[in-house]
Visitor: 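Have a look at this one before I ask anything.
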Amino acid sequence: MEVQTNSNERPSLNFLEEIIENDLKNGVHKSILTRFPPEPNGYLHIGHAKSICLNFGLAKKYGGKTNLRFDDTNPTKEDVEYVDSIKEDIQWLGFQWANEFYASDYFEQLYQWAVKLIEKGLVYVDDQTLDEIRQNRGTVQLPGKDSPYRNRSVEENLKLFSEMREGKYADGEKILRAKIDMAHPNMHMRDPIMYRIINTYHHRTGDKWCIYPMYDYAHGESDSIENITHSICTLEFDVHRPLYDWFIEKLEIFPSHQYEFARLNLSYTVMSKRKLLQLVKENYVSGWDDARMPTICGLRRRGFTPESIRNFCDSIGVAKRDNIIDYGRLEFALREDLNKRANRVMAVLDPIKLIIDNYPENQTEELEAINNPEDETAGTRVLPFSKELYIERDDFMENPPKKYFRLAPNQEVRLRYAYFVTCTSVDKDEEGNITAIHCTYDPASKGGNSPDGRKVKGTIHWVCAKSCIDAEVRLFDRLFMNEIPEKVEEGQTFLDNLNPDSLKIVSNAKLEPSLKDVKALDKFQFERLGYFSVDYDSKEDNLVFNRTCTLKDSWTKQN
RNA sequence: UGUCCCGUGGUGUAAUGGUAACACAUAUGAUUUUGGUUCAUACAUUCCAAGUUCGAGCCUUGGCGGGAUAACCA
C-alpha cells in the first residue's frame with residue numbers, strides 16, 4: 001500500500017506566522033523586525049522564554065532581526081542588576097539580538113514628540129491630584145469627567161511641560177495627558193497619562209530627567225523609532241492597542257503594529273514577577289536561581305538545557321486562548337534532549353551494603369560499561385567491582401509483592417554490567433532493621449549475561465563500596481501543591497499552597513568514581529533514577545548534584 | 001455592569017466551507033543488561049440553540065462559559 005503524501009499541503013502556521021507571511025507577500029514589509037522588551041525589574045522566567053523564542057524565532061524564520069530593548073521608564077523599580085541577568089539569560093537560551101537598546105535612549109525624542117502633540121492641541125498638562133484623576137476617570141460603566149485643566153492654551157501647556165522637565169515641580173504635582181475622550185468605553189482612552197514627575201536617579205540617565213514617559217507613550221514610539229514591524233506582546237495589552245495606534249497616528253511616524261498572544265501558564269508554578277519576587281524576598285526559596293524557581297536561571301541551575309527549553313516553547317504552540325501547560329510537558333522536553341546526550345552513570349542515593357559471600361576477599365575487577373546506549377560515539381568506561389557494594393535500599397524487599405523484579409530472598413537479579421547475584425540472607429540490628437544484604441554471585445555471568453542463557457527479570461544499579469565517592473544530592477519536587485497555586489480559599493494566598501516537601505537533601509549518596517572531576521552544570525543520567533546536574537555549590541571534596549527530573553517510572557506509578 | 005479577547009479529547013496545538021490531525025498525558029501489549037529508550041494499540045462527532053448551505057469546528061444571530069481591563073506599573 002502506498003503512503004499518501006501531499007506535498008502541496010499547506011504547512012500549519014500559527015496566527016502570527018500567518019500575519020507575517022501575508023505582510024511579506026503583500027509587500028507591507030520587505031523584511032521583519034521584532035523586539036524583546038523586558039523591564040529590568042526582575043529576572044526572566046519560563047514565560048519570558050516563550051516570548052523570547054517567539055520574537056527571535058519568528059525573525060529567524062523569516063530572515064529578519066530582533067532587538068533587545070529594555071523598557072526602563074520607571075526608575076523607582078529598575079536596576080542594572082536585572083539588565084545583566086536578562087542579557088545573560090537570553091544568550092544562554094541561544095539567542096543574539098541585533099541591537100541593544102533602551103527606552104531611555106529615546107527620552108529626548110519622546111519629549112520632542114510630546115511637545116509636538118501639545119502644539120497640535122492633543123495633549124495637556126493636568127494639575128489634578130492623583131486622587132482627583134482617579135475619581136474623574138469614572139468606572140467601566142460610568143463615563144469620566146473632564147479635567148478642569150483640559151482646555152489650557154497650547155502656550156500654557158508648552159510652558160508648564162517645559163517647567164516640568166526643568167524640575168520646577170514635585171512628584172505628582174503635574175502630569176501630561178493625552179486629550180482623547182473621558183467617556184470612552186475603553187478606560188485606556190480616557191485621557192491617558194503620558195508623563196509623570198519622578199525625582200529619582202535613573203540607572204542609565206542618572207539625574208538628567210525628572211519626568212518619565214508612561215509605558216503607553218514610550219513603548220509604541222520606541223517600536224516606531226526602531227522600525228519594529230511586528231510588536232508582539234501578551235493578551236493583557238490588547239486593550240492598549242487603540243492607544244498604541246492613536247499615538248503613532250497623531251505623531252505620523254513609522255506604523256509599527258502590535259499583536260497579542262496568550263501568555264504561558266505552567267501547572268504547579270506561579271509566573272508573576274511580583275510573586276516570584278516575594279518568594280525570594282521572604283526567603284521561601286534561596287534566591288532567583290533557586291532550582292525550584294521557574295526563572296531561567298533557576299531552570300539552568302536545576303539542570304535544564306537551553307535546547308530543552310526552546311523545544312518546549314516551540315512545542316506548546318501560540319494562540320490567543322488562555323492555557324495551562326502541564327509541567328510534565330517541560331520534563332518531557334528535558335528527557336527527550338538528555339536521553340540522547342547525557343552519559344549514564346551509576347549512583348546510589350539511599351545506600352545499603354550488599355556483600356557477595358562467594359567473591360574473593362581482596363579481589364577487584366574492572367568492568368566495562370556503556371556511556372550512552374542512545375549514542376555510540378559516547379564510548380565506554382570502566383567500573384571497579386569488588387566483594388562489597390552499595391545498592392539502593394528499595395531495590396531489596398524481604399517480602400516482595402508478585403511482580404517485584406528486584407532483589408529479594410532467593411531471587412536472582414543482574415547487577416548492571418557485572419554479574420548475576422542471588423540473595424541468600426540479611427543482617428539485622430536489634431530493632432530488626434536490615435543493615436546488610438548477603439548474596440552469592442555466578443562467576444560465569446560476568447558482564448551481565450549467563451552462558452546458559454538463563455534470564456533474570458531485574459537489573460539493578462550499584463557502586464563499589466571501596467572505590468565509590470560521596471556526594472550530596474538535592475531532590476526537588478514541585479514548589480506548589482496545587483495545579484493553580486493562586487487558586488485559594490478565602491483568606492489564603494498562593495503561599496498557603498507551597499509544597500513543604502519541595503526540597504529533600506540526600507547527604508550520603510554514593511557515586512561511581514568516574515564522577516570525581518565534574519564541573520558545575522555537567523549533566524548525567526543516574527541509571528534508573530533520573531537526570532542530574534552538578535550544582536554551583538559543588539566542590540572537589542564536596543560534590544553536589546541537583547535532580548533535574550526523574551526518569552519515567554511505570555513501576556512506582558502502579559504501586 | 002461598559003468595552004475588548006477567547007471557547008475543538010484530560011492538557012496543548014491543528015484542520016483557512018468538503019466529514020476532526022499531531023504532540024503530551026493516561027491505559028494495555030511487545031522489545032529491552034535502565035520497570036528508561038523504542039514500537040504497537042486504545043481514548044473527542046468541536047459550549048448550547050437557531051439560521052445560511054448540497055455540506056458548518058469554520059459563516060450569521062442569540063444565549064452560556066472563561067479571561068482581560070477602572071497604577072502617576074510594565
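Numbered from 1 within each chain, the chains take letters A, B, ... in sequence-line order.
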Visitor: Counting the atoms with a prime plus P, OP1 and OP2 as sugar-phosphate, which does A/Gln525 contact under 4.0 Å by heavy atoms, base, sugar-phosphate, or nothing?
Guide: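 A/Gln525: base contact, heavy atoms under 4.0 Å.
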
Visitor: Please work out if A/Arg344 contacts a base, only the sugar-phosphate, or nothing of the nucleic acid, heavy-atom cut-off 4.0 Å.
Guide: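 The residue A/Arg344 makes base contact.
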
Visitor: Only one of A/Glu226, A/Arg35, A/His257, A/Glu260 clears side-chain hydrogen bond (donor to acceptor under 3.5 Å, both in side chains) with A/Ser231; which?
Guide: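 That would be A/Arg35.
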
Visitor: Using the P atoms only, state how far B/rA49 lies from B/rC4, rounded to an integer number of Å.
Guide: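 Straight-line distance between the two P atoms is 26 Å.
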
Visitor: Rounding to a whole Å, what distance do you find between A/Met194:CE and B/rC72:P?
Guide: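 So the CE-P distance, A/Met194 to B/rC72, works out to 15 Å.
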
Visitor: If the cut-off is 4.0 Å, is A/Arg321 near the phosphate of B/rA14, judged by side-chain N/O to OP1 or OP2?
Guide: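 Indeed, a polar side-chain atom of A/Arg321 lies that close.
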
Visitor: Going by the side-chain contact (heavy atoms from CB on, under 4.5 Å) test, name the single residue among A/Lys523, A/Glu307, A/Glu374 that passes it with A/Arg341.
Guide: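 Exactly one pass, corresponding to A/Glu307.
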
Visitor: Mind checking the P distance from B/rA44 to B/rC22? Whole angstroms is fine.
Guide: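 13 Å, rounded to whole Å.
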
Visitor: Does a side-chain N or O of A/Ser315 approach OP1 or OP2 of B/rG12 to a distance below 4.0 Å, or not?
Guide: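 Checking B/rG12 against A/Ser315, no side-chain N or O comes under 4.0 Å of OP1 or OP2.
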
Visitor: With heavy atoms under 4.0 Å as the rule, sort A/Pro373 into base, sugar-phosphate or nothing.
Guide: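 Answer is base: heavy atoms of A/Pro373 come under 4.0 Å of a base.
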
Visitor: With a 3.5 Å limit on both atom pairs, tell me what B/rC59 is paired to, counting Watson-Crick and G-U wobble, or say none.
Guide: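 Checking every strand shown, B/rC59 finds its partner in B/rG51, with both distances under 3.5 Å.
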
Visitor: Determine the contact category for A/Thr139: base if any of its heavy atoms lies under 4.0 Å from a base atom, sugar-phosphate if only primed atoms, P, OP1 or OP2 are that close, otherwise nothing.
Guide: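 A/Thr139: base contact, heavy atoms under 4.0 Å.
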
Visitor: Nearest to the side chain of A/Asn323, which nucleotide is it out of B/rA74, B/rC5, B/rG12?
Guide: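 It is B/rG12.
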
Visitor: Taking the ring centre of each residue, are A/Tyr419 and A/Phe385 less than 6.0 Å apart?
Guide: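 Between A/Phe385 and A/Tyr419, which both carry aromatic rings, the centre distance is below 6.0 Å.
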
Visitor: Nearest to the side chain of A/Glu527 - B/rA74, B/rA14, B/rU34?
Guide: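 Given the options B/rA74, B/rA14, B/rU34, the side chain of A/Glu527 is closest to B/rU34.
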
Visitor: So A/Lys403, base contact, sugar-phosphate only, or nothing? Heavy-atom distance under 4.0 Å.
Guide: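 Base contact - A/Lys403 has a heavy atom under 4.0 Å of at least one base atom.
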
Visitor: Check every strand shown and say whether A/Val456 touches a base, only sugar-phosphate, or nothing at a heavy-atom separation below 4.0 Å.
Guide: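 The answer is nothing, as A/Val456 stays clear of every strand by at least 4.0 Å.
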
Visitor: Once you round it to whole Å, what is the distance between C1' of B/rA74 and CG of A/Asp216?
Guide: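 From A/Asp216 CG to B/rA74 C1': 9 Å.
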
Visitor: Which glycosidic conformation, syn or anti, is assigned to B/rA71 if syn requires a torsion within 90° of zero?
Guide: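 Nucleotide B/rA71 adopts syn.
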
Visitor: Parallel, tilted or perpendicular: which one describes the rings of A/His188 and A/His240, with boundaries at 30° and 60°?
Guide: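 Aromatic pair A/His188/A/His240 classed tilted.
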
Visitor: I want to know whether A/Tyr327 and A/Tyr268 have ring centres closer than 6.0 Å.
Guide: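 Ring centroids of A/Tyr327 and A/Tyr268 are no less than 6.0 Å from each other.
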
Visitor: Provide, to the nearest angstrom, the distance between the CD atom belonging to A/Glu236 and the C1' atom belonging to B/rU3.
Guide: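 Atom CD in A/Glu236 sits about 17 Å away from atom C1' in B/rU3.
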
Visitor: Does the structure show a Watson-Crick or G-U wobble partner for B/rU8, both distances under 3.5 Å? Name it, or say none.
Guide: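 Per the H-bond distance test, none.
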
Visitor: In Watson-Crick or G-U wobble terms, both distances under 3.5 Å, what is the partner of B/rU16?
Guide: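 Check on B/rU16: unpaired, no WC or wobble geometry under 3.5 Å.
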
Visitor: Determine the interatomic distance between P on B/rU19 and the same-named atom on B/rU31; round to the nearest Å.
Guide: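 Per the computed distance, 39 Å lies between those P atoms.
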
Visitor: Expressed in angstrom and rounded to an integer, what is the separation of A/Asn343 atom CG from B/rG36 atom P?
Guide: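 It works out to 21 Å between those atoms.
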
Visitor: In residues 123-132 of chain A, which ones come under 4.0 Å of RNA chain B, going by heavy atoms?
Guide: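 Nucleic-acid contacts, sorted: A/Gln128, A/Thr129, A/Leu130.
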
Visitor: Using atom C1' of each nucleotide, how far apart are B/rG7 and B/rC48 to the nearest Å?
Guide: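 That atom pair is separated by 12 Å.
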
Visitor: Got a sec: does the CZ of A/Arg263 have more than 12 other heavy atoms crowding it under 6.0 Å?
Guide: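 Check fails, neighbour count at 12 or below.
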
Visitor: Just call it for A/Tyr212: base, sugar-phosphate, or nothing, with non-hydrogen atoms closer than 4.0 Å on any strand.
Guide: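 Nothing: the residue A/Tyr212, judged by heavy atoms under 4.0 Å, touches no strand.
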
Visitor: What integer distance in Å separates A/Arg190:CZ from B/rA70:C1'?
Guide: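 Going from A/Arg190 (CZ) to B/rA70 (C1'), I get 7 Å.
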
Visitor: When the C1' atoms of B/rA40 and B/rC47 are compared, how many Å lie between them, rounded to an integer?
Guide: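 Comparing C1' positions in B/rC47 and B/rA40 gives a spacing of 35 Å.
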
Visitor: Identify whether any heavy atom of A/Asn449 sits under 4.0 Å from a base atom; if not, whether one sits that close to sugar-phosphate; answer base, sugar-phosphate or nothing.
Guide: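 Base, at least one base heavy atom under 4.0 Å.
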
Visitor: So A/Arg137, base contact, sugar-phosphate only, or nothing? Heavy-atom distance under 4.0 Å.
Guide: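 Sugar-phosphate, no base atom in range.
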
Visitor: Please determine if a side-chain N or O atom of A/Lys552 lies less than 4.0 Å away from the OP1 or OP2 oxygen of B/rU37.
Guide: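 Affirmative; the distance criterion is met.
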
Visitor: Below the 4.0 Å mark, does B/rU11 have OP1 or OP2 next to a side-chain nitrogen or oxygen of A/Arg329?
Guide: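 A/Arg329 to B/rU11 OP1/OP2: no side-chain N or O under 4.0 Å.
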
Visitor: Quick check: on RNA chain B, is the nucleotide nearest A/Gly317 upstream (toward 5') of the one nearest A/Phe332, or the reverse? Name the residue that is more 5'.
Guide: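 This one resolves to A/Gly317.
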
Visitor: Can you tell me whether the side chain of A/His240 and the base of B/rA74 have a donor-acceptor pair closer than 3.5 Å?
Guide: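 Yes.
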
Visitor: Would you say A/Arg416 places a side-chain N or O within less than 4.0 Å of OP1 or OP2 belonging to B/rG35?
Guide: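 It does not, given that no N or O in the side chain of A/Arg416 lies less than 4.0 Å from OP1 or OP2 of B/rG35.
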
Visitor: At under 4.0 Å between heavy atoms, what does A/Thr73 touch on the DNA or RNA strands: base, sugar-phosphate, or nothing?
Guide: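 The answer is sugar-phosphate, as A/Thr73 gets under 4.0 Å only of primed atoms, P, OP1 or OP2.
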
Visitor: So which nucleotide from B/rA71, B/rC6, B/rU69 ends up closest to the side chain of A/Lys320?
Guide: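 For the A/Lys320 side chain, the nearest candidate turns out to be B/rC6.
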
Visitor: Just the rounded figure in Å: distance from P of B/rA74 to NZ of A/Lys77.
Guide: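 For the pair A/Lys77 NZ and B/rA74 P, the rounded distance is 7 Å.
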
Visitor: Any Lys/Arg nitrogen of A/Arg150 or A/Asp191 sitting under 4.0 Å from an Asp/Glu carboxylate oxygen of the other?
Guide: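 A/Asp191 and A/Arg150: salt-bridged.
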
Visitor: Could you tell me if A/Asp553 and A/Thr556 have a donor-acceptor pair between their side chains, going purely by distance under 3.5 Å?
Guide: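 Short answer, yes.
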
Visitor: Can you check the distance between B/rG51 and B/rC39, where both ends of the measurement are the P atom (answer in whole Å)?
Guide: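 Comparing P positions in B/rG51 and B/rC39 gives a spacing of 48 Å.
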
Visitor: Looking at B/rG36, does its base get a donor-acceptor pair with the side chain of A/Arg335 below 3.5 Å?
Guide: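 Not at all, since no donor on one side and acceptor on the other fall under 3.5 Å apart.
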
Visitor: For B/rC72, does OP1 or OP2 lie under 4.0 Å from any side-chain N or O of A/Arg177?
Guide: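 No, no such contact exists.
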
Visitor: Between A/Tyr215 and A/Phe237, is the gap from one ring center to the other below 6.0 Å?
Guide: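 Ring-ring flag for A/Tyr215/A/Phe237: true, centres closer than 6.0 Å.
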
Visitor: For A/Trp555 and B/rG35, say yes or no: do the ring centres fall under 5.5 Å of each other while the ring planes differ by less than 30°?
Guide: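 Aromatic stack with B/rG35 present for A/Trp555.
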
Visitor: Would you kindly give the CZ-to-P distance between A/Arg406 and B/rU34, to the nearest whole Å?
Guide: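 Computing the A/Arg406:CZ to B/rU34:P distance gives 13 Å.
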
Visitor: Between B/rA15 and B/rA20, how many Å separate the two P atoms, rounded to a whole number?
Guide: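 To the nearest whole Å, 16 Å.
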
Visitor: In whole angstroms, how far is the P atom of B/rA14 from the CG atom of A/Asp314?
Guide: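 Taking atom P of B/rA14 as the reference, CG of A/Asp314 is at 14 Å.
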
Visitor: What do you reckon, are the aromatic ring centroids of A/Phe247 and A/Tyr217 less than 6.0 Å apart?
Guide: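 That pair passes the under 6.0 Å test.
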
Visitor: At under 4.0 Å between heavy atoms, what does A/Glu374 touch on the DNA or RNA strands: base, sugar-phosphate, or nothing?
Guide: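 Base contact.
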
Visitor: Given the side-chain rings of A/Tyr82 and A/Phe70, with only the six-membered ring counted for Trp, is the space between their centroids under 6.0 Å?
Guide: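 Here the rings of A/Phe70 and A/Tyr82 have centres that are no less than 6.0 Å from each other.
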
Visitor: Are A/Phe332 and A/Phe312 an aromatic pair, judged by ring center distance below 6.0 Å?
Guide: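 No; A/Phe332 has its ring centre 6.0 Å or more from that of A/Phe312.
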
Visitor: Look through every strand shown and name the nucleotide pairing with B/rG29 as Watson-Crick or G-U wobble, where both distances are under 3.5 Å.
Guide: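 When the pairing criteria are applied, B/rC39 turns out to be the nucleotide that pairs with B/rG29.
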
Visitor: Is A/Tyr404 touching bases, backbone alone, or none of the nucleic acid, heavy atoms closer than 4.0 Å?
Guide: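 Base contact.
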
Visitor: RNA chain B: A/Ile175 or A/Ile324, which has the more 5' nearest nucleotide?
Guide: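 First, find each residue's nearest nucleotide; the 5'-ward one identifies A/Ile324.
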
Visitor: Go through B/rG12, B/rG2, B/rC73 for me and flag the one nearest to the A/Ile325 side chain.
Guide: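 The listed nucleotide nearest to A/Ile325's side chain is B/rG12.
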
Visitor: Under a 3.5 Å limit for both distances, which nucleotide forms a Watson-Crick or G-U wobble pair with B/rU3, could you say?
Guide: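 B/rA68 is the nucleotide pairing with B/rU3.
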
Visitor: Could you give the distance separating B/rA23 and B/rG66 at their P atoms, to the nearest angstrom?
Guide: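 The answer is 33 Å between these two P atoms.
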
